[in-house]
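Presented below is the structure to which this report refers.
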Amino acid sequence: MDVLASLRDKIMSLVETLENQEIISSGLNKDSITVETPKDDAFGDLSSNVAMVLSKQANSNPRELAKYFVNQLSKDHSIESVEIAGPGFLNFRLKNKFWIDVVISILEAGVHFGIEKVGTGKSVNIEFVSANPTGPLHVGHTRGAVFGDVLANLLNVAGYTVTREYYVNDAGSQIDSLARSAFSRYQEALGCPTSSEQNEYPGDYLKEVGEALKEKYGKQLLYEEEDSRLDKVKDFTVKRMLALIRKDLADLGIVMDSFVSEKGLYAKGRVEDSINKLRDLGLIYTGVLERPKGGNEQEWSVREQELFKSSQFGDDTDRPIKKADGSWTYFAPDIAYHYEKLARKYDEIINIFGADHSGYIARMKAVVRALSNGEQDLTIRLCQLVKLYKDGQPVKMSKRAGSYITLRELLNEVGKDAIRFLLLMRKNDAPIDFDFSKAIEQTRENPVFYVQYANARIFSILRRARESNIDVSDASLLKADLCLLKDKNEIQAIRKLAEWPNVVAKATSRFEPHRIAFYLFEVAQLFHGLQSLGKIDQGLRFLREDDLNLSKARLAMIRSVQLVVQSGLKIFGIEPVDQML
RNA sequence: GGUCGCGUAGCUCAGCUGGAUAGAGCAACUGACUUCUAAUCAGUAGGUCGCAGGUUCGAAUCCUGCCGCGAUCACCA
């Protein structure tokens with residue numbers, strides 16, 4: 001059970017009483033009533049703004065209102081004292097029993113501690129990565145991949161049925177030119193002269209595709225008609241690239257539940273279907289877009305094309321669904337994709353975009369609103385760029401020259417866990433500076449290491465305890481006399497653990513996994529602090545040979561620290577390590 | 001030029017949708033290792049929260065206008 005929530009419940013039931021007695025009018029907004037641990041100890045163990053929130057709306061004096069709560073709550077057995085402070089805060093001092101209950105809750109619930117199942121019975125589709133299958137994933141994709149995956153984890157532990165989805169752009173001209181490049185490599189592999197093309201993909205990874213094509217088809221493809229051989233090469237190459245991407249993702253700890261093919265949407269006629277649906281709604285028309293202000297004036301030409309009235313749904317301008325020559329734009333299959341996604345009836349639809357797609361947000365939201373008759377909202381989160389550094393120097397990347405850093409290289413050099421943690425340290429809409437050298441470092445400067453080290457240290461202490469024949473199973477630790485936990489640093493650490501449910505809830509509802517990263521760092525910090533106290537004062541060591549009961553109580557406490565750390569790492573998709581190497 | 005985002009300590013960033021004296025890490029300085037792994041810890045110092053207004057009991061947070069940085073904006077995908 002979540003102790004902060006339990007205090008909040010008590011307060012809320014008092015608010016209800018006040019409403020029933022008509023001391024305050026009912027129907028006030030209670031959402032912003034909080035119970036939290038104040039930053040300064042002087043303000044007590046917990047504090048609430050309830051009196052201020054209510055009095056503001058009721059136009060009464062907060063300190064007057066606060067008195068009522070003080071009178072009622074000071075009777076509570078787990079509360080030592082309640083004071084009114086400042087403009088009307090309620091500051092609570094709690095009996096140690098209250099904090100002991102936190103440890104008990106954690107030991108009982110394990111990694112499920114404090115997870116509110118707000119999503120039970122609801123389904124969510126989260127689309128992320130969706131990189132074109134034209135080559136291996138690179139750093140730019142990695143951030144969105146990790147962010148989306150952890151968001152999915154968060155929603156999953158909150159009880160949602162989550163579908164992780166990858167939209168595969170396996171149609172269109174990029175794929176055509178990919179196929180042509182692959183065909184050139186195939187010709188090379190056969191020792192034939194290549195028909196060099198302008199749009200070739202330069203990366204070496206196509207060489208193996210050429211070899212593989214040779215192995216499968218021999219020289220057969222050379223004699224086929226252009227169209228038919230291109231189709232074969234296309235299918236073959238896309239399949240290879242997708243396999244490559246899946247492998248990269250898997251090594252990053254990500255497994256998609258669903259891949260939706262653009263080509264498939266065309267084949268099933270979904271593009272026509274979705275556009276017809278919009279047409280029926282009167283949202284498609286033939287027209288000419290205005291020239292955008294600024295930039296590239298010379299290249300602008302008047303074009304008549306079919307447009308979608310996205311401006312009716314909050315977009316700046318209407319958007320073309322067909323090119324001037326009558327073929328579909330990139331936007332059209334995207335409409336079809338979301339049309340098809342809507343038909344699958346998710347309660348929530350989420351897209352994770354890269355920074356370069358910021359211009360697409362408005363139109364995609366518009367499409368979803370239009371296709372669902374305004375009933376469904378598309379949630380989009382944009383991940384900003386990752387700038388790579390090595391020894392403080394920026395690493396230059398050029399996609400054109402094929403010299404970008406791939407996810408594979410990152411995995412080899414830094415490792416999955418560090419990549420994940422470091423990319424989750426920032427909120428999604430802030431750019432990240434990612435320093436290779438720091439990521440590999442095993443010092444406090446590297447937060448992944450620091451958090452892992454806390455977990456490993458606890459593991460090591462528990463192992464030592466076991467060697468001294470202490471039963472350190474959770475069931476046994478639950479029986480420890482936890483009232484012996486009196487030291488103020490210990491209580492402080494437990495207070496931090498009590499915040500965990502709040503942190504997860506907030507990270508989930510606001511799509512902000514970075515909160516967990518910071519929180520885990522703080523927990524690790526408190527633990528390392530406790531550990532060091534034992535060096536200064538032998539009496540504060542976790543394991544006291546002269547006092548088995550106290551040892552067990554402290555082991556229970558650090559085990560609960562470990563459980564919280566581990567559940568955080570689990571959400572992050574990071575393996576907790578038992579031992580640092 | 002339009003749109004979106006950002007601007008907080010020397011550096012990298014938190015700041016719990018309006019709360020109390022704005023917080024961490026790094027760098028700097030002082031101190032603690034025959035260790036329950038010092039791969040760590042304790043402490044000192046460091047601020048006009050970009051600028052100017054507004055909203056109210058109360059603003060880093062909300063509104064408006066500037067300034068600076070970044071992404072993006074047409075037929076590509």
Side-chain angles (χ1 to χ4, degrees), chain A residues 31-32 34 36-40 42-43 47 49 52-53 55-56 61-62 85-89 91 132 134 169 171-175 177 262 289-297 299-301 303 305 315-317 320 323-325 327 329-331 333-334 354-362 382 384-385 425-427 429-433 435 438 441-447 449-450 452-454 456-458 460-465 468 499 502-503 505-507 510 512 514-515 517-519 521-522 525 528-536 541-545 551 554 558 579-580:
Chain A
D31 293 346
S32 46
T34 58
E36 54 197 14
T37 52
K39 47 193 159 191
D40 192 333
F43 299 133
S47 74
N49 61 357
M52 289 186 294
V53 170
S55 68
K56 171 136 186 169
N61 183 335
F89 285 100
N91 289 346
N132 292 348
T134 52
N169 291 114
S173 62
Q174 287 205 356
I175 297 298
S177 80
E262 179 186 1
L289 283 176
E290 279 179 44
R291 180 168 62 78
K293 287 168 187 163
N296 286 355
E297 298 191 13
E299 292 178 33
W300 177 257
S301 61
R303 262 189 290 266
Q305 43 192 176
D315 200 358
D316 311 324
T317 172
K323 301 177 201 168
D325 68 5
S327 63
T329 61
Y330 170 75
F331 187 37
D334 255 1
D356 54 341
H357 277 64
S358 67
Y360 266 81
I361 296 178
L382 198 87
Q384 281 298 338
L385 298 173
M425 290 278 300
R426 299 274 169 275
K427 50 188 171 217
D429 50 10
I432 293 185
D433 291 334
D435 196 321
K438 292 229 174 95
E441 240 173 67
Q442 301 208 327
T443 67
R444 182 170 179 157
E445 241 194 286
N446 183 350
F449 170 78
Y450 187 73
Q452 289 278 29
Y453 184 36
R457 270 182 149 178
I458 293 170
S460 147
I461 293 159
L462 292 172
R463 191 186 53 223
R464 279 187 103 92
S468 313
E499 288 173 32
N502 248 338
V503 172
K506 210 134 250 168
R510 294 167 69 159
E512 293 178 339
H514 75 277
R515 288 173 188 280
F518 281 90
Y519 174 79
F521 188 83
E522 285 166 8
Q525 206 167 19
H528 287 307
L530 282 178
Q531 162 114 356
S532 292
L533 282 175
K535 294 182 195 310
I536 297 156
R541 292 164 79 89
F542 301 128
L543 283 178
R544 291 266 308 264
E545 277 164 28
S551 295
R554 286 182 175 161
I558 63 170
Q579 212 167 349
M580 308 308 291

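Letters A, B, ... are given to chains in the order of the sequence lines, protein chains preceding strands, and every chain is numbered from 1. Note that the coordinates shown come from a computational prediction; the quantities given were computed from them, not determined experimentally. Keep in mind that the numbers below use all heavy atoms, side chains included, and drop hydrogens, waters and symmetry copies.
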Sequence-distant partners of Tyr453(A), ring-ring contact (aromatic ring centres under 6.0 Å, His included), two or more places apart: Phe449(A), His528(A)
Touch class at under 4.0 angstrom, heavy-atom based, for Gly529(A) against every strand present: sugar-phosphate
Thr37(A) side chain to Glu499(A) side chain, donor-acceptor N/O pair below 3.5 angstrom: yes
Sugar-phosphate, base or nothing in reach of Ala171(A), heavy atoms under 4.0 Å: sugar-phosphate
Sugar-phosphate only, base, or nothing, as touched by Asn91(A) at under 4.0 Å among non-hydrogen atoms: base
Side chain of Thr34(A) - closest among rG19(B), rA20(B), rU17(B): rU17(B)
Gln525(A) vs rA24(B): side-chain N/O to OP1/OP2 distance below 4.0 Å: no
Upstream residue (5' side of RNA chain B) when Thr37(A) and Ala355(A) are each assigned their closest nucleotide: Thr37(A)
Sugar-phosphate, base or nothing in reach of Asn49(A), heavy atoms under 4.0 Å: nothing
rG19(B) to rG1(B) separation - C1' atoms, rounded to the nearest Å: 40 Å
Along RNA chain B (nearest heavy atom to each residue), the more 5'-positioned of Asn132(A) and Gln531(A): Gln531(A)
Any Lys506(A) side-chain N or O less than 4.0 Å from OP1/OP2 of rU17(B): yes
Partners meeting ring-ring contact (aromatic ring centres under 6.0 Å, His included) with Tyr519(A) (sequence neighbours left out): Trp500(A)
Sugar-phosphate, base or nothing in reach of Ala85(A), heavy atoms under 4.0 Å: base
Backbone of Pro38(A) reached by a side-chain donor or acceptor of Ser47(A) within 3.5 Å: no
Under 3.5 Å: donor-acceptor pair, side chain of Asn169(A), backbone of Asn132(A): no
Phosphate contact (rG15(B) OP1 or OP2) by Arg515(A) side-chain N/O below 4.0 Å: yes
Nearest-angstrom distance, C1' atom, rG25(B) to rC51(B): 29 Å
Sugar-phosphate, base or nothing in reach of Thr134(A), heavy atoms under 4.0 Å: nothing
Any N/O donor-acceptor pair, Tyr360(A) side-chain to rA77(B) base, under 3.5 Å: yes
Distance, rounded to the nearest Å, where Phe43(A) contributes CZ and rA22(B) contributes P: 10 Å
Nearest-angstrom distance from the residue atom NE2 of His357(A) to P of rG5(B): 19 Å
Touch class at under 4.0 angstrom, heavy-atom based, for Asp356(A) against every strand present: sugar-phosphate
Touch class at under 4.0 angstrom, heavy-atom based, for Gly86(A) against every strand present: nothing
Sugar-phosphate only, base, or nothing, as touched by Glu512(A) at under 4.0 Å among non-hydrogen atoms: nothing
Sugar-phosphate, base or nothing in reach of Met52(A), heavy atoms under 4.0 Å: base
Touch class at under 4.0 angstrom, heavy-atom based, for Ala324(A) against every strand present: nothing
Residue-phosphate contact under 4.0 Å: His514(A) side-chain N/O, rC13(B) OP1/OP2: no
Phosphate OP1/OP2 of rC76(B): any Lys323(A) side-chain N/O under 4.0 Å: yes
